[in-house]
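Below: the structure, in structure tokens.
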Amino acid sequence: MGSDHYFSASPSSAESLRRIRVSLGGRTGEVTTAGGVFSPDHVDGGTAVLLANTPPPPPGGHLLDLGCGWGPIALSLAVQSPHATVWAVDVNDRALDLVRRNAQEWGLTNINAVRPEDVPGDVRFRGIRSNPPIRVGKNELHGLLETWLPRLDERSDAWLVVQRNLGSDSLQRWLAATFDDGHSVTRAATGRGFRVLKVRRHGAVPTGAIELP
């Protein structure tokens, strides 16, 4: 794609719409993808590992698919948790259009496909799932995670999938060092050369017992 990356805001490459058949959240059907977005021909291997190694999402509240692409994670979350509000966030406008198109085709009314700045600042997430854009560079990636992981609600989890040879272990160490207050970082699963990392935000420390006079 030359300088036209899947994390470009407005890809200059031909749209080249295509239809693929997928199974997401226990539902099978067709979706529309296009050139200029991440993994347009199939569900990416890392995303597949993430979806296969995470528990069902919370049934309600706000859920985040960070770096949604054409929407496999967001669609899966929306199918599994129809009463939740799923935020599909990406900087790629073509990807967001595809998510909206696919959500409409699948009859999913609980997906908001928006740019990062369009998520209200007071929204807190009961769950985050992401196949983050590692190739944007370490500084950009760290800034992305430092922006969104603090928006986890208490007693809630973020699940990230990262290819082992693209620095999953060093990212795990960075996460543990950066989110060392009230969080825990663990490697939840390994498969097909990918690591699934779990970031847990713990609840407030419970108050001690009241001492009676």
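At a threshold of 4.5 Å between non-hydrogen side-chain atoms, the residues Leu17 and Thr33 do not count as touching. Looking at heavy atoms from C-beta onward, Ile73 lies out of side-chain contact with Ser130 at the 4.5 angstrom threshold. In this structure, the side chains of Ser184 and His202 come closer than 4.5 Å at one or more pairs of heavy atoms. In this structure, Val31 and Glu105 have side chains that are not in contact, with every pair of non-hydrogen atoms separated by 4.5 Å or more. Between Phe179 and Pro150 there is a side-chain heavy-atom pair separated by less than 4.5 Å. Counting heavy atoms from C-beta on, the side chains of Gln104 and Thr109 never come closer than 4.5 Å. With a 4.5 Å cut-off on side-chain heavy atoms, Phe194 and Val162 do not count as touching.
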* **Verdict with supporting geometry, Leu64 and Val89, side-chain contact (heavy atoms from CB on, under 4.5 Å)** => CA-CA 7 Å; Leu64 173 64; Val89 171; 3.5 Å; yes
* Asked: Going through the distances and angles, do Phe125 and Asp153 end up as a side-chain contact (heavy atoms from CB on, under 4.5 Å)?
  -> CA-CA 5 Å; Phe125 300 104; Asp153 206 349; over 6 Å; no
* To do: Kindly determine whether Lys198 and Arg187 satisfy side-chain contact (heavy atoms from CB on, under 4.5 Å), including the steps that lead there.
  => CA-CA 6 Å; Lys198 174 185 173 183; Arg187 183 189 303 166; over 6 Å; no
* **Steps toward side-chain contact (heavy atoms from CB on, under 4.5 Å) verdict (Thr186, Leu197)** => CA-CA 6 Å; Thr186 56; Leu197 306 179; over 6 Å; no
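Between the side chains of Asn131 and Thr47, at least one donor-acceptor pair of N or O atoms lies under 3.5 Å.
Salt bridge annotation for Arg126-Asp157: absent, with no cationic side-chain nitrogen under 4.0 angstrom from a carboxylate oxygen. Salt bridge absent: Arg164 and Asp169 never bring a charged side-chain N and a carboxylate O closer than 4.0 Å. A salt bridge links Asp97 to Arg100: at least one charged side-chain nitrogen sits closer than 4.0 Å to a carboxylate oxygen.
Remark: the backbone N or O of Val119 is not paired with any side-chain donor or acceptor of Asn112 at under 3.5 angstrom. Using modelled atom types, one side-chain atom of Asn53 and one backbone atom of Val49 make a donor-acceptor pair closer than 3.5 Å. The closest donor-acceptor contact from the side chain of Arg201 to the backbone of Ser156 lies at 3.5 Å or more, if one exists at all. Ser81 places no side-chain N or O within 3.5 Å of a backbone atom of Ala84 that could act as its donor or acceptor partner. Although no hydrogens or angles enter the test, the distance criterion places no donor-acceptor pair under 3.5 Å between the side chain of Arg21 and the main chain of Thr28. Ser170 places a side-chain N or O within donor-acceptor distance of the main-chain N or O of Gly167, the cut-off being under 3.5 Å. No side-chain donor-acceptor contact under 3.5 Å links Asp118 to the backbone of Val114.
Note on Trp87 and Leu96: separate hydrophobic clusters, where clusters join Ile, Leu, Val, Met, Phe, Trp and Tyr whose side-chain heavy atoms are under 4.5 Å apart, directly or indirectly. Hydrophobic clustering, with ILVMFWY side chains joined whenever heavy atoms are under 4.5 angstrom apart, groups Leu63 together with Ile111.
Atom OG of residue Ser76 and atom CG of residue Leu24 lie 6.0 Å apart, to the nearest 0.5 angstrom. Distance check, rounded to the nearest 0.5 Å: CG of Asn110 to CG of Leu108 gives 6.0 Å. With rounding to the nearest 0.5 angstrom, the CG atom of Leu144 is 4.5 Å from the CG atom of Leu66. Distance CG/Leu171 to CG/Leu166: 11.0 Å, rounded to 0.5 Å. Note that CD of Glu146 and CG of Asn139 are 9.5 Å apart. Values are rounded to the nearest 0.5 Å. For the atom pair CZ of Arg200 and CG of Leu152, the computed distance is 9.5 Å after rounding to the nearest 0.5 Å.
Listed here is the closest heavy atom pair of Ala188 and Trp159: CB-CZ3, 3.5 Å. Here the closest non-hydrogen pair linking Leu77 and Pro57 is CD2-CB, 3.7 Å. Closest approach of Val99 to Cys68, counting heavy atoms only: CG2-SG, 3.9 Å. The heavy-atom pair separating Gln80 from Pro56 by the smallest distance is NE2-CA, 4.2 Å. Considering every non-hydrogen atom in both Ala74 and Asp65, the closest pair reads N-OD2, 3.0 Å. Smallest separation of non-hydrogen atoms from Val161 and Pro132: O-CD, 3.3 Å.
Sorted by first and then second residue, the salt bridge (Lys or Arg N to Asp or Glu O under 4.0 Å) pairs with a member in residues 29-41 read Arg18-Asp41, Arg19-Glu30; sequence neighbours excluded. Counting only residues at least two apart or in different chains, salt bridge (Lys or Arg N to Asp or Glu O under 4.0 Å) contacts with residues 44-56 are absent. Within the structure, every pair that satisfies the ring pair (Phe, Tyr, Trp, His ring centres under 6.0 Å) test and touches residues 127-156, not counting sequence neighbours, is listed here: His142-Trp174.
Counting heavy atoms of neighbouring residues, nucleotides and ligands inside a 6.0 Å radius, atom CG of Asn165 exceeds 12 of them. Annotation: Glu140, atom CD; neighbour count of heavy atoms from other residues, nucleotides and ligands within 6.0 Å does not exceed 12. Within 6.0 Å of the CZ atom in Arg192, the count of heavy atoms belonging to other residues, nucleotides or ligands does not exceed 12.
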